[in-house]
Structures are given as C-alpha cells and as structure tokens.
2 protein chains.
Amino acid sequence: MLNGNAPVSGATLERVQTAASELGYRRNALASGLRRRASRLIGVVVPDVANPFYTEVVRGIEDQLRGAGYLLVLCNSDGKIEKQTEYLRLLADQQLDGVILAPATPDLDKLEDAVASGLTVVLIDRRVASTVYDTVTVKNRDDARILTAGLLAASRRIAHIGGPHRTSTAQDRFAGFLDAHTSAGVDPDPRLIFETDYSEQGGYEAMKSLLELEQPPAGVFVGNNVMTLGVLRALSETEMAAAPKIVSFDPLPWWASSVHPVTTGSQPSYRLGRTAADLLLLRLADPSREYADVNIGNEE
Amino acid sequence: MLNGNAPVSGATLERVQTAASELGYRRNALASGLRRRASRLIGVVVPDVANPFYTEVVRGIEDQLRGAGYLLVLCNSDGKIEKQTEYLRLLADQQLDGVILAPATPDLDKLEDAVASGLTVVLIDRRVASTVYDTVTVKNRDDARILTAGLLAASRRIAHIGGPHRTSTAQDRFAGFLDAHTSAGVDPDPRLIFETDYSEQGGYEAMKSLLELEQPPAGVFVGNNVMTLGVLRALSETEMAAAPKIVSFDPLPWWASSVHPVTTGSQPSYRLGRTAADLLLLRLADPSREYADVNIGNEE
DNA sequence: TCAACCTATGAAATCGTTTTCACTTCACGA
DNA sequence: TCGTGAAGTGAAAACGATTTCATAGGTTGA
C-alpha cells in the first residue's frame, strides 16, 4: 500500500503518508523484497578491490547505483573461479537483483548457472564466448597497439609481459602488441614474450629474466598495473646504464613521477563502472532489451 | 527446519538434506532474514574506496566477513555527513546486521539515530566522543611523533600539512607532530602549519604556499596520502636546488621509488579491517559484551 | 497393564510487505 | 427510480522461511 500502487484516493494517501513519517515508519526492505521478489541490491564481483583499476570501477558503479536507490554488495574473487562461483551462489541466495561481474575465466558454464538461478548479469573488463550478456570493455587492442608503436619508434627489441592467455584482455592486448609489430615491419622475438598471471610477482620474475639476457630489450610492454609494480621492483634492484622504457596498461596516478617513468594509456575505469551500472539498470527495467556490447574508448 | 533447529531425528534430517541438495534447493535469504530478523549483510561506510588506505581496509573486512558467511555492502560517504546519514538509514531499512563506519564527523547525533534504529556499529579510523562503540584506530600520535622526529633530526624548520581539525586523526597526528617538537626543544613556526581538508587539492595549495616562502621548510609532515599526492604535484612543478624532505601518513606502494621519495609509517590498514570485522562479529554474537577500543600498532 | 513421560512429527502462526479480491458507496445516465 | 459503472475501501492471501504448538507414537517404571 505504501508504494503508491494501491487505488486509494489522494486525500487518504496523503494522510497515511504524513502519519507514517510522523511515527517514523520505515519500510522493512526484507519483507518488501520477499513479496516483490527484488532486493534493491546489486552485486559486484571483481578480482580484487585493492587493485586501483577495479577500485575506480567500483566507485563508478556505486555512484551510479546510488542515484537509482540500489545498494552495492562487494565481492573479491581473487581471480579464482571457485570463489567467483561461490559468491555468485551466495548472491543468488540473497535474491540480488543483478550482478556486475569481471569474470575470472571465459568459462561459460559457471555463469550459466548463475543466470539460471535468476541473476541478471552484466560483464565488465573481460569478454566471454557468448553474446547473451551485456558487456562493457575498454579498447584493449587499439591502446596496446598505440603504446607498443611508441616503443617501436625507438627500438626494434621490445618485450611483452602479458597476463594469462585465457583472459580476453590479455589476448586483445597481445594482439595489439603484434599489430604494432606488423605495421612497423618487425618480427617479435619470442624470447622476449612472457605470459604470467597478472601478478606483481609474475611481473617481477619476467623482468628479472629479461634483465639477465645478454641483450635486454630497449622497451617493455606490460599488460597491467600490478605486473608493472613487479617490473619496477626488478628494475630498482638492478644497476643499469640505460633502463628499458616501460609502457603499461592501467595507469596508477603516480607513474609519471616514478624514478623509472611509466607510460600508459588512460584507462577509463570510472566510466567503465558507470556504464556497466547503467546497462544493468536498463536491463532490469526491460529484460527483453537487446544485449549491448559497449567498448569504451579514451575519447571525450 | 532446514537450519537444524527443529527437533527431528537424525535419519529424517539426513533424508531431507540429501533430497534438498538433489532438488537443488536454495534457501531464500530474504524470507529467512525476515523471520529471523537478520540479513547476513554487513555494511561498510567509508569516505572513499578509491583511497588506497580504505581500499585495504575494505579488503580486510571482506576477507574476514566471508569466512563467517556474511556479505559486505559498500558505501562511499565522501566524508559528507548527509551522505553518511542517508546511507545509514538505507542500511537500517535493509535490516543489515551491522555496520563498520569511518565516521565523517565526530558528531554523535547521527550515529545515535543509526543505533536507535537497531544497527550494530563498529567505528574505524576515527574516534568519536563516546565510549559506547567498539572502535579500531591506528597509532596516529606515536607514528606522527616518530616521523616528525626523523625530520627534526635534520632541520628545525618543519612544516605541517594536516587534515581538518574536527577529525580525531588530524588532531592526533598534529599532537604527535607537536610532541616531537617538544622533545627536540623546538618551537614550531605557526607560518608552517596548514590545515586543509585531506584532499589532493588542499595538499597542493598548502605546498605551493610553503614553496613561495622566502625560506621554505627543510621537511614537511603530511597528514595523509591524498594530500601527499598534491604535495608531490606541487613539487614537480617547481625547480629547486634541494627539495624539502616529505614524510606522510598512509603509504602508497610506490612512494619509495618516487622522484621525490616519501617516507611513511606503515599503516596497517588491512589488519585494521580484519580487526573491525572481528569486533563486529563478536558483538553480534554477544551484544552485552564490553566495548572494545583497539589501537593497532605497527608491530609484528 | 496403565500412567507418566519423552520424542518425533505435521500443522499452524508468524515475520512485514504487496497484491488481489470482494464489497460498499456514490454518481450518472436511461 | 433503477441499473450500470467507476472508484474507494477493508479483508485476506501470498511471498518462503522459522518457530511454536498440539498431537501421535513409543518407551519406561510402577
């Protein structure tokens, strides 16, 4: 009755509402949700909020959700499929209205389960092999190509430290890396290509290996910010006449002022979050809507 | 019945449970919560998740809550009392079991409302003028004293760029700053003392003012990490023979490798989060428990 | 054998909303 | 004046779990 759907007259409605506010009445969201089959809660599952990239994404989601009266339930999957699955299950149990998910793997099965249990899902950052989800990603391939081209302008020996090849982001960024080489007519040296797990330690070890080569690369393309932290650590441990130039995805605010300056594209993470929240709200309003696949650039 | 509280025999219970899992039965948390008057949801209200300090705190809370089967509802107050109040109200409406709050102001009234509406509250980071809350803070005064003493060992002209004096953290850190001066027998120069709002812009402007002095300070104590970003920006815009030494609260992982190195105490933010979550779980288990006021040091 | 007691079991009430439904009242046109 | 329709009202059902309650069944000791 208090949600305005009852066919009561204007005067009565008003009397009820003033009485309600005078008595300090507060609607019990649990009871309301049980009846309406909706909880006004949106889940967000990311690998790690401590990563500034995802932090900004979460921040963008929250700002957008707040306007629509939703609250945000935060979950860290640590990039592990088991944690992700467990969380999705928990979120479905809590009757969440929707979930914004940065999938740990492009594995579809687990996602299908989630959707089967009634969760509305929007994917961010990483793509999966399916077109039945709203998806928001950034221009990985283009940006990687541009960053790599910058390095190739100075030297032909460019290394690549990338994330796990099963993730679409790592694939796309590597593709951009190769694109730039093709354009420049350079054959990438396979000894300079490293695949790690997007971790600080992975970046550190890869960079160590590179520095131990007889002829270290003149430039290094690093696939994300966390690995770059490891790369910088490796660099700071090594004395060198000329350190390789570093370019990286996912900027951290301070990289310009680092001893070893890092060049990055501008990752529009905050906007990624807002866009994902928008898409989710749109789908909740109209479930039969066509699926959107938004690719966020750096323009604007 | 499915929560084990019913007086059913072992055999029957087991049969029901296997049947339930075979049918893929999932408990509806809304219905369960309505009846039990508990939602298995814990709210976290912080000024800004995009601040690495709070990010780590949130991460710690989440890790701890997950083990206990709770989910985390994240809210950014932007340090504004209105947003904080609105969120607390929303969280109470959602029948959250408890809230971990970094209070925007030491203002008690708004908090009392929240508690009156049935929310169990644990305070973090900032203290309020009341002893009826579990509180977890860090050793602000001691750390500030130690950091300042380090600067005073090199020079007697040390500046202070602090947060708003109404926050307990800013008060404590300033007190530590003064402690160090007293110990060293130095009178702080009031022209070197700045109070801002814990913002990047505030830090930037304060540092600009300092650099325009005839005799800039030899060292600067900065009250938090965000202001330090502004301080570094100001430094990078200015050519100097000898830049002032910077010490700051709340480390960012890269400050050691910055062009202008920043010295910090180690802010045990992750542990702060875990401890707060622990306290909240303890209080939920035993509401008549004595209130705890934990001060986390850097030991271990 | 029977009373007394304990345990297992199914039915029913409850949590606080929202929604449906049957019903009354009133106005209007025939 | 009566019938039709619209509009407002209050009661009751539903959401899905938990808790209480009464009852049935079984066991034990006198």
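Letters A, B, ... are given to chains in the order of the sequence lines, protein chains preceding strands, and every chain is numbered from 1.
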Side-chain N or O of [X] versus OP1/OP2 of [N]: is the shortest distance under 4.0 Å?
X: B/Y25; N: D/dA17; answer: yes
X: B/R27; N: D/dT18; answer: yes
X: B/R37; N: D/dT18; answer: no
X: B/S32; N: D/dG16; answer: no

(request) Tell me, please, whether A/Y133 has A/R127 positioned over its six-membered ring: NZ or CZ under 6.0 Å from the ring centre and within 45 degrees of its axis? (result)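 Not flagged: A/R127 not positioned over aromatic ring of A/Y133.
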(request) Measure from NZ or CZ of B/R59 to the centre of the six-membered ring of B/Y270 and say whether it is under 6.0 Å with the direction within 45° of the ring axis. (result)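 Not flagged: B/R59 not positioned over aromatic ring of B/Y270.
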(message) Testing the basics here: between B/Y54 and B/R126, what is the closest heavy-atom pair and its distance to 0.1 Å?
(response)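 For B/Y54 and B/R126, the tightest heavy-atom pair comes out as OH-NH2, 3.8 Å.
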Atom [atom1] of [X] and atom [atom2] of [N]: how far apart are they, to the nearest Å?
X: A/Q95; N: C/dT18; atom1: CD; atom2: C1'; value: 16 Å
X: A/R36; N: C/dT20; atom1: CZ; atom2: C1'; value: 17 Å
X: A/L34; N: C/dT14; atom1: CG; atom2: C1'; value: 12 Å
X: B/R40; N: D/dA17; atom1: CZ; atom2: C1'; value: 14 Å
X: A/L30; N: C/dT18; atom1: CG; atom2: P; value: 13 Å
X: B/R26; N: D/dC15; atom1: CZ; atom2: C1'; value: 19 Å
X: A/D93; N: D/dG16; atom1: CG; atom2: P; value: 14 Å

(request) Kindly point out which of D/dT18, C/dT17, D/dG16 is positioned nearest to the side chain of A/N28? (result)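 Closest of the options to the side chain of A/N28: C/dT17.
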(message) Whether the side chain of A/R35 and the base of C/dT18 hold a donor-acceptor pair under 3.5 Å is what I'd like checked.
(response)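 Answer yes: a donor N or O sits under 3.5 Å from an acceptor.
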(request) Answer yes if the side chains of A/T135 and A/Y291 hold a donor-acceptor pair under 3.5 Å, and no otherwise. (result)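 Their side chains do not contain a donor-acceptor pair, so the 3.5 Å distance test is not met.
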